[in-house]
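Quick notes on the structure that follows.
Here is the naming used below: chain letters follow the sequence lines, and residue numbers restart at 1 for every chain.
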2 protein chains.
Amino acid sequence: MSYNLAFIGFGVVGQGLTEILLDKKDYLKERYDFEWNIVAVSDLHKGSIYDPEGLPADKLVSAAKDDDLEALTTPEAGWVPFKVIKESNADIIIEVTYTNLDDGEPATSHCRAAFNAGKHVVTTNKGPVALFGAELIKMAKDKGVQFRYEGTVMAGTPAISLALEGMAGCEISKIEGIMNGTTNYILTQMEGGMDYDSALKRAQELGYAEADPTGDVEGYDAMGKVLILASTVMGAALTARDVDCEGITEITSEDIVKAGEEGKRWKLIGSVWKEGGKVLGRVRPEKVELSHPLASVMGATNALTYTTDNLHQVTLVGPGAGRKETGQSLLADMLAVHGALGG
Amino acid sequence: MSYNLAFIGFGVVGQGLTEILLDKKDYLKERYDFEWNIVAVSDLHKGSIYDPEGLPADKLVSAAKDDDLEALTTPEAGWVPFKVIKESNADIIIEVTYTNLDDGEPATSHCRAAFNAGKHVVTTNKGPVALFGAELIKMAKDKGVQFRYEGTVMAGTPAISLALEGMAGCEISKIEGIMNGTTNYILTQMEGGMDYDSALKRAQELGYAEADPTGDVEGYDAMGKVLILASTVMGAALTARDVDCEGITEITSEDIVKAGEEGKRWKLIGSVWKEGGKVLGRVRPEKVELSHPLASVMGATNALTYTTDNLHQVTLVGPGAGRKETGQSLLADMLAVHGALGG
């Protein structure tokens with residue numbers, strides 16, 4: 001089966017996926033009977049192009065790096081995101097615009113428009129799923145299209161499909177874990193003897209942390225993932241106001257040493273759990289015992305522990321960010337769409 | 001959608017699944033639109049019963065404990081496994097007879113007969129998948145039925161679906177891990193100061209180890225899982241002769257202490273990996289660094305680390321045995337069958 005794909009947004013993740021699709025073209029056809037054709041790319045900064053017969057995928061990444069997609073083809077004017085979503089011949093919309101945890105836009109409107117147009121959506125965008133997850137899941141179901149968002153929690157490490165599909169039928173009462181790699185990297189460096197400022201600087205040099213690291217170090221990125229797990233796995237629509245959120249900026253080198261002396265280790269832990277018929281969420285630094293499965297997760301790696309009825313505790317450890325790692329989530333999502341359509 | 005279920009074999013795992021199905025009847029209907037009706041149970045020792053309208057599920061477990069299923073109903077004579085598989089109105093065959101790693105029988109013949117009869121199979125039986133995995137997967141596909149076997153590796157901890165579905169599109173070059181809970185429990189106890197014989201005795205008292213512990217302590221159980229991962233995830237039909245297999249019986253308390261002094265820990269590691277265009281497998285005790293994700297997996301818990309192209313390493317930790325834990329794998333498998341049929 002062959003799918004026409006449209007990218008809405010074309011930054012690092014979209015480019016990473018394109019590279020994977022090119023590398024694995026034959027493998028995907030042979031193993032999964034999955035073929036693809038990129039028909040549209042629409043990016044605010046890099047330009048918008050559409051060709052119902054297919055764009056030259058091998059040239060998209062370098063054109064995007066030059067911020068000049070429109071040099072690739074003779075573009076019909078005006079194939080902006082909503083026109084692509086509504087009027088193109090794409091089967092799957094790959095929503096990879098920037099994450100906005102304030103109001104989820106424009107990504108949420110992109111998702112709604114795609115569902116209304118009968119198009120499937122795969123996304124790594126945390127905004128729509130964190131803020132409107134339950135509504136969008138229901139809307140996709142009502143419209144008979146697929147909506148997949150694996151990459152919103154642990155990139156391609158399949159945290160969502162593990163909970164919803166791998167452990168289907170199991171009831172999950174708590175999910176807790178290391179949901180942000182930047183802060184885990186900083187804490188790991190501090191345990192190695194660096195102070196907070198040096199560790200943050202190192203994380204920035206390595207590209208783990210943004211120039212403005214607020215979203216990571218104050219816990220907001222982890223909070224977004226708590227909201228996503230609440231809406232998608234726990235079925236509860238929490239908002240930022242429902243989640244107590246504390247980052248790692250108050251953790252000192254002395255705290256780190258003291259925890260070590262107690263046989264413990266500081267981790268920034270995101271949690272979402274059921275209590276008294278409600279779903280609650282929290283992000284805060286916690287001292288975990290060294291024997292705890294999350295204690296040995298070091299560096300930029302993420303990990304989640306699911307507490308369930310039938311399986312007691314199951315822990316998943318893997319990358320939570322990265323160009324290829326996040327691109328992989330979109331590939332697995334598209335193969336799941338393909339599977340759901342009988343492919 | 002409602003499914004008629006037939007149990008072939010009705011030991012601990014089948015009974016565990018029946019209890020889960022009863023406990024979750026309303027939940028499964030509401031959340032997944034999954035309804036069920038047990039129409040047949042056929043067990044070599046406990047008897048065989050069939051009622052196309054459905055058996056009294058709530059009485060099956062206690063009747064099985066008395067080894068007298070046939071007291072439950074007025075059985076038509078002769079509903080032995082092959083008659084149930086070929087002639088009953090079951091949609092899904094739950095193959096939970098005893099594991100036989102020598103020739104995979106009678107379970108492999110049960111699977112083949114079910115596929116020929118157009119029935120789906122879910123199983124926790126290692127024999128058919130370890131010895132004839134590739135053939136059975138192809139046969140089910142050719143016959144247009146589903147074949148699921150999550151519980152053959154880590155009980156309900158979704159080791160198979162993680163690899164095949166959660167990380168779909170990712171190529172896995174190596175899987176290594178702790179594939180046997182009994183031996184991991186014994187090694188953990190030895191690290192706590194017990195000698196091998198006392199640790200084994202404790203494992204037997206707790207029900208982790210059989211009276212004859214050979215299958216666990218000599219590594220054969222882990223080897224079966226290496227064969228299963230080779231055939232299902234790596235697509236290679238290995239046999240027992242292809243896998244070097246060494247158990248934990250030669251590990252002494254002195255070895256344990258010495259490893260600790262080196263900052264390491266003994267684990268019985270099963271591995272399957274691609275090398276030079278071939279798939280290779282091995283089971284042997286290895287000293288792993290304490291910082292390795294598998295080092296912190298203690299007691300009867302299992303864990304697998306997958307080395308992949310797009311996600312580097314992903315580790316899954318969870319139970320690898322148990323009545324409810326293994327029953328859960330069959331439930332997830334049936335919900336996947338339901339999903340594949342559009343449910």
Do you know which of [options] has the most heavy-atom pairs with chain A at a distance under 4.5 angstrom?
options: B:G235, B:A332, B:G169; result: B:G169
options: B:P158, B:G339, B:A340; result: B:P158
options: B:D309, B:T305, B:D23; result: B:D309

| message | Within this structure, what is the CG-OH distance for the pair B:L206 and B:Y185, rounded to the nearest 0.5 Å? | response | 4.5 Å
| query | Can you tell me how far the OG1 atom of A:T188 sits from the NZ atom of A:K267, to the nearest 0.5 Å? | reply | 4.5 Å
Greatest number of heavy atom pairs closer than 4.5 Å to chain B - which of [options]:
options: A:K324, A:Q328, A:H292, A:E325; answer: A:Q328
options: A:A159, A:G166, A:S329, A:G318; answer: A:G166
options: A:L316, A:V317, A:L331, A:V297; answer: A:V317

At a heavy-atom separation under 4.5 Å, does [X] approach chain A through its side chain, its backbone, both, or neither?
X: B:R323; answer: neither
X: B:I20; answer: side chain
X: B:Y306; answer: neither
X: B:S161; answer: side chain

Would you mind checking which part of [X] comes under 4.5 Å of any heavy atom in chain B, side chain (CB onward), backbone (N, CA, C, O), both or neither?
X: A:L311; value: both
X: A:L335; value: side chain
X: A:E171; value: both

With no hydrogens and no angle check, is any side-chain donor or acceptor of [X] less than 3.5 Å from a backbone partner on [Y]?
X: B:T308; Y: B:H312; value: yes
X: B:N310; Y: B:C170; value: no
X: A:N4; Y: A:D91; value: no
X: B:H338; Y: B:Y32; value: yes

| Do B:P319 and A:V314 come close enough that some side-chain heavy atom pair is under 4.5 Å? | yes
| message | Can a side-chain donor-acceptor contact be found between A:Q313 and A:T307 if the only test is distance below 3.5 angstrom? | response | yes
| B:Y3 vs B:F34 aromatic rings, parallel, tilted or perpendicular, using cut-offs 30° and 60°? | parallel
